[in-house]
Amino acid sequence: MSRIALAALAALAAAFAGAAFAQAPAAPASAGVTNGPDYAQLVAAANKEGKVVIYSALDTKAAQPLIRDFNAVYPNIKVEYNDMNSTEMYNRYIAEVAAGQGGADVMWSSAMDLQVKLVDEGKAMTYRSPEAAKLPSWAVYKDQAYGTTYEPAVFIYNKRLVAQDEVPYTHADFVKLITAKAEKYKGKVTTYDIEKSGVGFMFVVQDTKYFPGMKDLEKAFGAASYKVYSSTGNMLEKVSSGEHLLGYNVLGSYALVRAKKDPGLGVVLPKDYTLVLSRVLFIGKQAKNPNAAKVWVDYVLSLRGQKLIGGEVELFAIRDDVDAEYTAKKLNQQLGANVKPIPVSSEIVTYLDSKKRLEFLSAWKAALSAGGGK
């Protein structure tokens, strides 16, 4: 065969190889999610249901990367996503269950204690997710509820108006600062309204476990005429603007993202201990679309879902094997033993008992009054 003919054949072979390579997908659409022959049967059943109804405390805009990707992997399962604050979500769900309406297929909330309370009351479906083995043991409860994120509670401050040598790095520092410089910080300190915010209440209950000076903090809040809000966004905005100077127990997932774009906002991960919250996910016992709900739970816990949570969604991925900007692994490396994750367990529901909650709030208000507040 002539050299010309050989060259032509070689060129033709190269063209075919190039075409085949170009047509090959970079990765299957289902890469990183739960798979297997048995799992295909679950997905088929979920496809027949056709949708999954989710109640969530994470706003729809923030959840969009997850919803969009879930739809790409499971195009036959429509996501009906309803966002609301954690207390509203809890009240709506129990009302719907009591009325026999079933409520949501999936409940996903940052109010960990309210979620565990619902599980303990028998309102969750038992489902051992294939992804459960990849979670910390404290994030799996009764094979019914799962922790999905790893979000620290932080201090925030206004960088323009709080001197660097004043910035508190421990809980004791925080008390000392607003006590010693009472005039400067009068009306300028903020935290959650613990009567209205489920997350805020849970954080201060956990503080009593780790901070011996909690009563001093409460009195200092009273003396400083502290301001309270039920949403993280309000606190971030008011500290950034200078209307307030310091924020206590602010949800760090939101604060750290805001601080990246806002040069005036400072964030502190407390050095003595940093509480970590995990948004809790469970399937409703009366779910109308139980198979689709299982697929959503597995997706959120999967490597693929967690990578999005630690990336575009800008929360913190709870799995140790995730490579993303915001992960539990990175936070643990930074803080070491001072990280105190709040466990998904019955121990966190103690103060949801109406009598104990009332006693806690009464003691809180008494300490505020002792400090000079209302």
Side-chain angles (χ1 to χ4, degrees), residues 54-67 81-94 104 106-119 124 135-136 138-141 145-154 156 191-207 228-236 247-258 274-284 296-297 300-301 305-306 308-310 313-318 326 328 331 339-345 347-349 351-352:
I54 300 164
Y55 290 178
S56 176
L58 179 66
D59 69 72
T60 304
K61 183 179 179 182
Q64 270 308 310
L66 284 172
I67 297 169
Y81 191 92
N82 305 272
D83 68 42
M84 57 198 89
N85 74 49
S86 56
T87 305
E88 177 191 359
M89 178 177 157
Y90 172 83
N91 290 332
R92 177 172 169 179
Y93 183 73
I94 59 174
V106 174
M107 291 281 284
W108 192 20
S109 176
S110 49
M112 298 176 66
D113 47 0
L114 290 176
Q115 291 285 86
V116 170
K117 184 174 187 287
L118 290 171
V119 172
L135 302 178
W138 58 261
V140 180
Y141 186 55
Y146 299 97
T148 61
T149 60
Y150 201 79
E151 304 170 58
V154 303
I156 59 173
T191 190
Y192 291 108
D193 182 341
I194 67 169
E195 291 189 76
K196 295 179 181 176
S197 166
V199 170
F201 182 79
M202 183 180 64
F203 276 156
V204 294
V205 167
Q206 292 295 311
D207 277 331
V228 296
Y229 301 93
S230 56
S231 82
T232 307
N234 280 336
M235 290 190 283
L236 293 174
Y248 178 84
N249 266 0
V250 178
L251 201 54
S253 46
Y254 296 149
L256 289 163
V257 169
R258 170 70 181 256
T274 297
L275 295 174
V276 170
L277 167 154
S278 187
R279 292 172 195 262
V280 175
L281 187 70
F282 71 79
I283 301 169
W296 173 266
V297 167
V300 170
L301 299 179
Q306 286 286 302
L308 275 176
I309 284 174
V313 182
E314 296 181 316
L315 300 178
F316 281 76
I318 193 170
Y326 302 103
L331 197 63
V339 175
K340 304 297 180 186
I342 301 171
V344 185
S345 75
E347 76 174 69
I348 64 175
V349 304
Y351 285 95
L352 291 182

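Residue numbers start at 1 and run along the sequence shown.
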> Distance-only, no hydrogens or angles: does the T191 side chain make a donor-acceptor pair with backbone N or O of Y248 under 3.5 Å?
Replying inline: yes
> Do the non-hydrogen side-chain atoms of Y192 and L251 ever get within less than 4.5 Å of each other?
Replying inline: yes
> Does the side chain of M202 reach to within under 4.5 Å of the side chain of M112, using non-hydrogen atoms?
Replying inline: yes
> Taking all atoms of both residues into account, what is the closest heavy-atom pair of L66 and G305, and its distance?
Replying inline: CD2-O, 3.7 Å
> So, S109 side chain and A57 main chain: donor-acceptor pair closer than 3.5 Å or not?
Replying inline: no
>> Could you tell me if the side chain of W138 sits less than 4.5 Å from the side chain of S345, heavy atoms only?
In response: no
> Mind checking what makes side chain to side chain donor-acceptor pair (under 3.5 Å) contact with N85, not counting sequence neighbours?
Replying inline: none
> Short question: side chain of S253, backbone of E151 - any donor-acceptor pair under 3.5 Å?
Replying inline: no
> For L118, does its backbone N or O pair with a side-chain atom of Y90 as donor and acceptor, under 3.5 Å?
Replying inline: no
>> List the residues meeting side chain to side chain donor-acceptor pair (under 3.5 Å) with E88, not counting sequence neighbours, and say none if there are none.
In response: none
> Do S197 and F203 come within less than 4.5 Å of each other through their side chains, counting heavy atoms only?
Replying inline: no
>> Can you give me the closest heavy-atom contact between V199 and A111, atom names plus distance?
In response: CG2-N, 4.2 Å
> Of all residues at least two apart in sequence or in a different chain, which pass the salt bridge (charged side-chain N to carboxylate O under 4.0 Å, His left out) check with K117?
Replying inline: E121
>> Parallel, tilted or perpendicular: which one describes the rings of Y93 and Y55, with boundaries at 30° and 60°?
In response: perpendicular
> Parallel, tilted or perpendicular: which fits the ring planes of Y351 and F201, with parallel below 30° and perpendicular above 60°?
Replying inline: perpendicular
> Roughly how far apart are L301 CG and Q306 CD, rounded to 0.5 Å?
Replying inline: 6.5 Å
> Among all residues two or more places apart in sequence or in another chain, which pass the side chain to side chain donor-acceptor pair (under 3.5 Å) test with S278?
Replying inline: none
> If you look at every heavy atom in V344 and A145, which pair is closest and at what distance?
Replying inline: CG1-CB, 4.2 Å
>> Measuring only between side-chain heavy atoms, which start at C-beta, is M89 closer than 4.5 Å to L114?
In response: no
> Do Q206 and I348 come close enough that some side-chain heavy atom pair is under 4.5 Å?
Replying inline: yes
> Considering only heavy atoms from C-beta outward, does the side chain of Y81 approach that of L58 to under 4.5 Å?
Replying inline: yes
> So which heavy atom on L281 is nearest to which on T148, and how close?
Replying inline: CB-CG2, 3.8 Å
>> For a side-chain contact (heavy atoms from CB on, under 4.5 Å) check, start with the C-alpha distance between V276 and F316, then their side-chain angles and the critical distance, and finish with the verdict.
In response: CA-CA 10 Å; V276 170; F316 281 76; over 6 Å; no
> Is there a side-chain contact (heavy atoms from CB on, under 4.5 Å) between L277 and Y150 once you walk through the steps?
Replying inline: CA-CA 6 Å; L277 167 154; Y150 201 79; over 6 Å; no
>> Using the side-chain contact (heavy atoms from CB on, under 4.5 Å) criterion, which residues pair with V257? Sequence neighbours excluded.
In response: K261, E314, Y326
> Between P65 and K61, what is the shortest heavy-atom contact and its length?
Replying inline: CD-O, 4.0 Å
>> Can you give me the closest heavy-atom contact between A124 and V119, atom names plus distance?
In response: CB-CG2, 3.9 Å
> Can you list the residues that meet the side chain to side chain donor-acceptor pair (under 3.5 Å) rule with S110, with sequence neighbours excluded?
Replying inline: none
> Can you find a heavy atom in the side chain of V116 that is under 4.5 Å from one in the side chain of D113?
Replying inline: no
